[in-house]
Amino acid sequence: KSDDAVILHYPNAGMTNWRRRYETSGSCSSTASPWPSSRLPLASHAVVSSGSRRDQDLFYRTFIMQNEHNEMAYLAEHGLVTRLEIV
């Protein structure tokens, strides 16, 4: 239903943890992947392996946080998201 709560879950708690996860995972290919068959982990590994901090930052904001264009601020302005400080 449209009035049901939606919880956004970020399995990579922060860019540093995301980067560390893919720096320490070793080589990765679509045929021999330590992750479930998903394009996001494969793309994450490729971006982190490239070594470009600018590309990593853009990728993280766009695909992990889904907030490259301030989507969260827009949703918050309209009362559609709530920040929970504790769980």
Side-chain angles (χ1 to χ4, degrees):
K1 297 184 307 186
S2 63
D3 59 348
D4 286 346
V6 175
I7 297 174
L8 300 176
H9 169 65
Y10 298 109
N12 299 294
M15 186 168 179
T16 301
N17 291 332
W18 169 78
R19 187 182 300 116
R20 187 179 309 122
R21 176 180 183 183
Y22 293 102
E23 283 174 341
T24 60
S25 63
S27 63
C28 178
S29 73
S30 59
T31 57
S33 174
W35 305 289
S37 59
S38 170
R39 293 179 186 161
L40 186 62
L42 296 173
S44 291
H45 187 271
V47 170
V48 170
S49 296
S50 76
S52 168
R53 288 292 177 113
R54 182 182 173 279
D55 290 348
Q56 292 170 13
D57 184 54
L58 180 61
F59 183 91
Y60 185 82
R61 283 189 324 230
T62 304
F63 296 104
I64 305 300
M65 296 301 295
Q66 298 179 356
N67 198 27
E68 170 57 17
H69 302 287
N70 294 320
E71 293 93 330
M72 291 297 164
Y74 176 81
L75 294 171
E77 181 179 334
H78 295 281
L80 300 172
V81 294
T82 301
R83 177 183 298 266
L84 299 176
E85 298 294 332
I86 60 173
V87 179

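These numbers were taken from a predicted model, which means no experiment stands behind them.
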Could you see if Leu58 belongs to whatever hydrophobic cluster contains Val48? Use Ile, Leu, Val, Met, Phe, Trp, Tyr and a side-chain cutoff under 4.5 Å. no

Student check: side-chain heavy atoms of Tyr22 and Pro41 closer than 4.5 Å: yes

Do Ile64 and Leu40 come close enough that some side-chain heavy atom pair is under 4.5 Å? yes

From Thr16 atom OG1 to Arg21 atom CZ, the distance as rounded to the nearest 0.5 Å: 15.0 Å

For the backbone of Val47 and the side chain of Ser50, can you confirm whether one donor and one acceptor N or O come within less than 3.5 Å of each other? yes

Please round to the nearest 0.5 Å and tell me the distance separating atom CD of Glu23 and atom CD of Gln56. 7.0 Å

Drop me the distance from Met65's CE to Phe59's CZ, to the nearest 0.5 angstrom. 13.5 Å

Test Arg53 against Asp57 for salt bridge (Lys or Arg N to Asp or Glu O under 4.0 Å), laying out the working first. CA-CA 6 Å; Arg53 288 292 177 113; Asp57 184 54; over 6 Å; no

Can you tell me how far OG of Ser44 sits from CZ of Arg39, rounded to the nearest 0.5 angstrom? 13.5 Å

Quick one: does Tyr60's side chain get under 4.5 Å of Arg19's, heavy atoms only? no

